[in-house]
Protein chains: 2
Amino acid sequence: MPPITLKQLAAELGLSPTTVSRALNGYPEVNEQTRARVAQAATRHHYRPNTRAKALATGRAMAIGHIIPISTQHEIVNPIFADFIAGAGEVYSREGYDMVLSLVPDAEQTRAYREIRAKGTVDGIIVHGPKEDDPRIALLAELGMPFVVHGRATGAKVPYSWVDVNNTRAFQRATEFLLDLGHRRIALVNGLEFMDFAIRRRHGYEAALAARGLATDPALMVQGEMTEAQGAHAARAMLALAHPPTAFLCSSLLSAMGVRREVEAHGLRLGRDVSIVTHDDELGYLRNGEAEPIFTATRSSVREAGRRCAQMLLGIIADPASAPRHEMLEAVLVVGRSTAPAPTIAR
Amino acid sequence: MPPITLKQLAAELGLSPTTVSRALNGYPEVNEQTRARVAQAATRHHYRPNTRAKALATGRAMAIGHIIPISTQHEIVNPIFADFIAGAGEVYSREGYDMVLSLVPDAEQTRAYREIRAKGTVDGIIVHGPKEDDPRIALLAELGMPFVVHGRATGAKVPYSWVDVNNTRAFQRATEFLLDLGHRRIALVNGLEFMDFAIRRRHGYEAALAARGLATDPALMVQGEMTEAQGAHAARAMLALAHPPTAFLCSSLLSAMGVRREVEAHGLRLGRDVSIVTHDDELGYLRNGEAEPIFTATRSSVREAGRRCAQMLLGIIADPASAPRHEMLEAVLVVGRSTAPAPTIAR
DNA sequence: TGCGACATCCAAAGCGCTTTGGGAGCGATT
DNA sequence: AATCGCTCCCAAAGCGCTTTGGATGTCGCA
């Protein structure tokens, strides 16, 4: 049994489709009594307007697109993503929007965005995982499609709307915190540094060191996929150095867990011999402790970022002519049990 | 500049919309030469048929819905999900389908599925995270909407299509493996046991023990969210027992990492004093080692499951009258460095 | 009594596409 | 020369909704 249509509903009520449509959409030119009758019949039949037809008639798809770049070189379909989606999804379902995902191979991005525009399945787009000089931004701007970037793209020439965490400041702050504890050999276990966020994190780290007159040491800086193995590998290599680091700054909880494992495998104690500060995205299934954090961390909810992005995009769609919007989220530095003053006795 | 329409394209070519449509869709009643002209003009203008209009005309939305239940009690928006989506997404984009996600609070499931059906935004649905006696299955069957369940729902009364890992056999096999190594005190760190997969895993574990005439010990069985903390908590409690387990069977790599941490914190050595076998979903960003596995594991790619689900669903949509389909994926037992014969000397 | 104002409803067009039901043109067949 | 059978194209209807532009009826007021 197919779903009931507006026309059928109208026929049953002895009304015209016009009136029923108006009644349901709250237009004034309909008797309140009739409106009530219509509403009642609608709920009785579980009537829902067909989205495709409505979209065609109104020109609004009532859907937002999330385009996930998939490349052979790295995984963007990552732990961050699920939580971000969850946050954005909350907003969409509250506002009656659908969320459509497209996985697009890196090579076909231009074609894909064009196509999505032409197909008209979505009213706006959220851009994930911006890289330095990301070409997608200029493309979307040119296509005239509303969009919000989660993150920023250093080097973009056109203005655009974004929601981002202050990665630079967060990592600068974290580095300062470790410096204040007396650490001088601080390692950076970063994400892939063609990703914008990773670039900014490194800048923050470098700025903090520079402010104290300290030079960076390439041997203490790695970049890569933010996995547990990455952390373990990095720590293993660095702890074997003649001058090993006394502290690690990690880009994700997973990396931090890898570092912790290797630190402990070396017979060192975390939060005494070695300190770790990590960035914590507050992922649903990867918590940094409960009430009290385990790792000292720069904490910023990616789910909240998802909510903000979604909200901003809906705002832009409602008022497309408005100026680009920006929202900077500040990460808070929460102190856990993974940091302590630098050991004074040389190891 | 709005995207070009069929009509405009036809006008430019001096043809009727009918002919252009047929040319583009490969119908035979059009001159090959004209078809070529049309095709060329189409690509030149980046023409893409408007999905909404096409959907309305054909009655096919060319989209698949993934409904993610969100409940207050636990997170289904979990690490599994991103990888599953990635797998399914591959198939969809290859076949020209869109993927639409809806986050639906547990309480509103019935309403939500009805609504999705009536709105006509999708041609089929993939059901995530089935629970015991999951009501969604009967509901979808009644609505006459094509669907495939990722997993199964013990106790469902109607026939339905599913793709599932043989969780029972996997955990039975893993338990036997540990028993063969001489372990007698084997702990089970399971997922939440109202989830179907967790129930089956427990059954497999119990069956293996029973087959050797061993009783289960409630003190060695926990269930919960599969996080690193869960593993650590469970291990801490169990290692403090008078008769601690010599082996752990974990439902996820994260739990296993938690167990490992606690084991090492107790000064025990993994793969000598204590063994761990875990289930490994082969998540993109949570790898169990590289070439050689770190943990001995029952391994089954959730991304592959996503692909299979998607493929099956498209098959059902193509032939809705066909009988329900089933696909059982077998997990392989891969041996890593986390298992060894049970220590003979009592600790 | 007549007229404008208002409230309430409806017919029809249109969104961009597919699809049914022809119809014109043309060479081949009888 | 009339007919048949193709090939190739088109007009028009329809998918389910919104929206413009009336139509009808009722009421108040001069």
Side-chain angles (χ1 to χ4, degrees), chain A residues 1-39 41-42 45-63 96 115-123, chain B residues 1-39 41-42 45-63 96 115-123:
Chain A
M1 180 195 60
I4 192 171
T5 72
L6 221 210
K7 212 202 300 191
Q8 291 168 0
L9 200 63
E12 180 180 315
L13 287 163
L15 290 171
S16 77
T18 311
T19 305
V20 176
S21 169
R22 283 178 161 153
L24 259 22
N25 291 312
Y27 283 80
E29 51 270 271
V30 43
N31 190 311
E32 279 311 319
Q33 199 172 322
T34 354
R35 191 194 301 282
R37 265 180 66 219
V38 172
H45 287 89
H46 296 297
Y47 171 76
R48 292 266 102 195
N50 181 306
T51 314
R52 307 187 300 239
K54 190 163 186 165
L56 189 56
T58 58
R60 317 242 340 231
M62 294 304 282
E115 198 166 304
I116 284 170
R117 168 83 197 304
K119 294 205 302 178
T121 34
V122 301
D123 297 322
Chain B
M1 180 194 61
I4 192 172
T5 72
L6 220 211
K7 213 202 296 192
Q8 291 168 359
L9 201 61
E12 180 179 315
L13 287 163
L15 290 170
S16 76
T18 311
T19 305
V20 175
S21 169
R22 282 178 163 153
L24 259 22
N25 291 312
Y27 283 81
E29 51 271 89
V30 44
N31 190 312
E32 281 309 320
Q33 200 172 321
T34 340
R35 191 194 302 281
R37 266 180 65 219
V38 172
H45 287 89
H46 297 296
Y47 171 75
R48 290 267 103 195
N50 181 304
T51 313
R52 307 187 301 240
K54 189 163 186 165
L56 188 56
T58 59
R60 315 243 340 234
M62 293 306 281
E115 199 165 303
I116 284 170
R117 167 84 198 303
K119 294 204 303 178
T121 34
V122 300
D123 297 322

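Naming: A, B, ... by sequence-line order, numbering from 1 per chain.
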Margin query: If the helix axis at each end comes from five base pairs, how far does the helix from dT1(C)-dA30(D) to dT30(C)-dA1(D) deviate from straight, to 10°?
Written below: 70°
Notebook entry, point to check: Rounded to whole angstrom units, what separation is found between the CD atom of Glu32(B) and the C1' atom of dC8(D)?
Noted result: 12 Å
Next item on the list: Only pairs at least two apart or in different chains count here, so list each salt bridge (Lys or Arg N to Asp or Glu O under 4.0 Å) that has a residue in residues 3-25 of chain A.
Entry: Glu12(A)-Arg44(A)
Next item on the list: Return the set of residues passing salt bridge (Lys or Arg N to Asp or Glu O under 4.0 Å) with Arg48(A) (not counting sequence neighbours), or none when no residue passes.
Entry: Glu115(B)
Margin query: So Met62(A) and Thr121(B), do their side chains get closer than 4.5 Å, heavy atoms only?
Written below: no
Next item on the list: Please tell me which of the listed nucleotides, dT8(C), dC10(C), dC9(D), lies nearest to the side chain of Ser16(A)?
Entry: dC10(C)
Check: Just by protein heavy atoms under 4.0 Å, how would nucleotides 16-24 of chain D read 5' to 3' in B, S and -?
Finding: BBBBBB---
Notebook entry, point to check: Excluding sequence neighbours, so at least two apart, what forms salt bridge (Lys or Arg N to Asp or Glu O under 4.0 Å) with Glu29(B)?
Noted result: none
Margin query: Could you tell me how far apart Asn31(B) (CG) and dC26(C) (P) are, to the nearest whole angstrom?
Written below: 14 Å
Check: Should Thr34(B) be listed as having a side-chain N or O under 4.0 Å from OP1 or OP2 of dC8(D)?
Finding: no
Next item on the list: Measure the distance from CD on Gln33(A) to P on dT8(C) and round it to the nearest whole Å.
Entry: 10 Å
Note to self: Under the rule for side-chain contact (heavy atoms from CB on, under 4.5 Å), what residues qualify as partners of Ala53(A), not counting sequence neighbours?
What the structure shows: Asn50(A), Leu56(B)
Notebook entry, point to check: What residues, two or more places apart in sequence or in another chain, satisfy side-chain contact (heavy atoms from CB on, under 4.5 Å) together with Arg37(B)?
Noted result: Leu13(B), Thr34(B)
Next item on the list: Sequence neighbours left out, what passes side-chain contact (heavy atoms from CB on, under 4.5 Å) with Ala10(A)? Give chain and number order.
Entry: Pro17(A), Val20(A)
Note to self: According to side-chain contact (heavy atoms from CB on, under 4.5 Å), who are the partners of Ala23(B), at least two apart in sequence or on a separate chain?
What the structure shows: Val30(B), Arg35(B), Val38(B)
